[in-house]
Student: 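Below is the structure I would like to discuss, written out as structure tokens.
Start at 1 with the first residue, then count along the sequence.
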Amino acid sequence: MASHLDLEEQEQLDQLKAFWKRWGNLITWGLTLAVAVFAAWTGWNWYQRDQAIKAAAMYDELDRAVQLGEADKAGRVFTDLKDRYPGTAYAAQAALQAAKVQFDKGNADAAQASLAWAADNAKADEYRDIARLRLAGLQLDAKKYDEAGKTLDGIKSKEFAALQADRRGDLFKLQGKPEQAKAEYLKAHAAMDKTQDYRHLVEAKLATLGVAMPDEAAAAAGAGK
């Protein structure tokens, strides 16, 4: 009986050896790869969390500088943050914050540089387009009309189409192109929600170009008669 079991065990052992000889290397490489992938994934997640934590701390420092109106310090912290952690959302937010305090303190060139960085490097589309809208406004103030037009061309998000048209209307008006300005302002007006206060500002811009917008409440009442 014992010899029969020994033969069965030997046969199974021989089959296992044959299987391992044929597939052992492949299995070993597969397991090694799986472990490496898991380690890389774990390491990447840790790296991302570490980057976010450090970037958040620097952003808090920048935010304090902005609240105190310290434009130079805000600019320095932003430069450091974007150099160290350019791929984080904090870098894009810092660019917008730094640009605001830089502009408020009269340093329009520094504000443009901060916004230009965000327009080119922010990871999220919304941050890039917000930066482009603000940058185009500063370029218009500086009479850099060609640059402003190119900046506005870069805005692709539908969510910003109305503000893009409004800003382009400003560009055409400054260039002495009233008909094109009217067309852009009308486009902006039509795209904005009726509850938006900014819509009234667009109406005021249209009024300066001789376009009187009908009172919507009166127009609705007239349509119901």
Student: Would you say the side chain of Q139 lies within less than 4.5 Å of the side chain of T151, judging by non-hydrogen atoms?
Tutor: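 Heavy-atom side-chain distance check passes, below 4.5 Å.
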Student: Closest approach of D129 and G154, non-hydrogen atoms and distance?
Tutor: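 So the minimum-distance heavy-atom pair works out to OD1-O, 3.9 Å.
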Student: Search all heavy atoms of L209 against all heavy atoms of A181 and return the closest pair with its distance.
Tutor: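 For L209 and A181, the tightest heavy-atom pair comes out as CD1-CB, 3.9 Å.
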Student: Measuring from atom CG of D166 to atom CD of E184, what distance do you get when rounded to the nearest 0.5 angstrom?
Tutor: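 Nearest 0.5 Å value for the CG-CD distance: 9.5 Å.
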Student: Between the main-chain N or O of L152 and the side-chain N or O of R132, is there a donor-acceptor pair closer than 3.5 Å?
Tutor: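 No, R132 side chain to L152 backbone: no donor-acceptor pair under 3.5 Å.
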Student: So, do K73 and E61 sit near enough that their side-chain heavy atoms are less than 4.5 Å apart?
Tutor: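 Yes, at least one pair of side-chain atoms sits under 4.5 Å.
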Student: If you look at every heavy atom in V202 and A188, which pair is closest and at what distance?
Tutor: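 Scanning both residues completely, I find the closest heavy atoms to be CG1-CB, 4.5 Å.
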Student: For the backbone of D109 and the side chain of Q112, can you confirm whether one donor and one acceptor N or O come within less than 3.5 Å of each other?
Tutor: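 Not confirmed, Q112 side chain does not pair with D109 backbone.
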Student: Quick one: closest heavy-atom pair of A74 and A98, and the distance?
Tutor: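 Looking at all heavy atoms of both residues, the closest pair is O-CB, 4.3 Å.
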Student: Spell out, yes or no, whether L68 and F103 are grouped together once hydrophobic residues are joined by side-chain heavy atoms under 4.5 Å, including indirect joins.
Tutor: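 No, it is not one cluster - the side chains of L68 and F103 are not joined through contacts under 4.5 Å.
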Student: Please list all pairs meeting salt bridge (Lys or Arg N to Asp or Glu O under 4.0 Å) that have one or both residues in residues 140-163, counting only residues at least two apart or in different chains.
Tutor: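 Listed once each, the pairs are D153-R168.
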Student: What distance do H189 atom NE2 and K205 atom NZ have between them, rounded to the nearest 0.5 Å?
Tutor: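 NZ of K205 is found 12.0 Å from NE2 of H189.
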Student: Given 3.5 Å as the limit, does a donor-acceptor pair link the side chain of N107 with the main chain of Q102, or not?
Tutor: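 Not confirmed, N107 side chain does not pair with Q102 backbone.
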Student: Apply the test side chain to side chain donor-acceptor pair (under 3.5 Å) to residues E126 and S157: give CA-CA distance (whole Å), side-chain angles for both, the deciding distance (0.1 Å), then the verdict.
Tutor: CA-CA 7 Å; E126 61 185 40; S157 302; over 6 Å; no
Student: Report yes if some heavy atom in the side chain of V66 is under 4.5 Å from a heavy atom in the side chain of K100; otherwise report no.
Tutor: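 No. Closest side-chain heavy atoms not under 4.5 Å.
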Student: Checking side-chain contact (heavy atoms from CB on, under 4.5 Å) for the pair R167/L171: CA distance, chi angles, key distance, verdict?
Tutor: CA-CA 6 Å; R167 191 74 83 204; L171 170 60; over 6 Å; no
Student: First locate atom CE of M58, then atom NZ of K82, and finally report the distance between them rounded to the nearest 0.5 Å.
Tutor: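 Here the rounded value is 11.0 Å.
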Student: Determine yes or no for a side-chain-to-main-chain donor-acceptor pair under 3.5 angstrom, with N121 supplying the side chain and W117 the backbone.
Tutor: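 At least one qualifying donor-acceptor pair exists.
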Student: More than 12 heavy atoms of other residues, nucleotides or ligands under 6.0 Å from NZ of K105: yes or no?
Tutor: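 No.
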Student: With rounding to the nearest 0.5 angstrom, report the CG to OH distance, D63 to Y90.
Tutor: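 Taking CG in D63 and OH in Y90, the distance rounds to 11.5 Å.
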Student: Strictly distance-based, threshold 3.5 Å: is any side-chain N or O of Y185 a donor or acceptor partner for the main-chain N or O of D170?
Tutor: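 Yes; judged by distance alone, with no hydrogens or angles, the pair exists.
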Student: Could you grab the distance from atom CZ of F172 to atom NZ of K177, nearest 0.5 Å is fine?
Tutor: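 Interatomic distance, F172 CZ to K177 NZ, rounded to 0.5 Å: 6.0 Å.
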Student: Could you walk me through whether Q97 and L62 satisfy the side-chain contact (heavy atoms from CB on, under 4.5 Å) test, starting with their C-alpha distance in whole Å, then the side-chain angles of each, then the deciding distance to 0.1 Å, before giving a yes or no?
Tutor: CA-CA 8 Å; Q97 287 280 72; L62 181 144; 3.7 Å; yes
Student: Between T88 and Y59, is a side-chain contact (heavy atoms from CB on, under 4.5 Å) present by the stated rule, with each step listed?
Tutor: CA-CA 11 Å; T88 64; Y59 180 80; over 6 Å; no
Student: Side chains of K173 and T208: any donor to acceptor distance under 3.5 Å?
Tutor: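 Checked: T208/K173 side chains pair up, N/O donor to acceptor below 3.5 Å.
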Student: For F160 and I130, run side-chain contact (heavy atoms from CB on, under 4.5 Å): C-alpha distance rounded to whole Å, both residues' side-chain angles, the deciding distance at 0.1 Å, then the answer.
Tutor: CA-CA 8 Å; F160 296 102; I130 289 171; 3.6 Å; yes
Student: Restricting to non-hydrogen atoms, name the atom on L138 and the atom on A108 that form the minimum distance, rounded to 0.1 Å.
Tutor: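 Shortest heavy-atom contact: CD1-O, 4.4 Å.
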Student: How many angstroms lie between atom CG of L206 and atom CG of L186, to the nearest 0.5 angstrom?
Tutor: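 One finds 5.0 Å between CG of L206 and CG of L186.
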Student: Go through the structure and list residues passing salt bridge (charged side-chain N to carboxylate O under 4.0 Å, His left out) with D80, not counting sequence neighbours.
Tutor: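 Result, salt bridge (charged side-chain N to carboxylate O under 4.0 Å, His left out) vs D80: R84.
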Student: Got a sec, which residues hit ring-ring contact (aromatic ring centres under 6.0 Å, His included) with Y127, two or more places apart in sequence or on another chain?
Tutor: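 Expected list: none.
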Student: Looking at every heavy atom in both A118 and A95, which two are closest together, and how far apart are they?
Tutor: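 Closest heavy-atom pair between A118 and A95: CB-CB, 3.7 Å.
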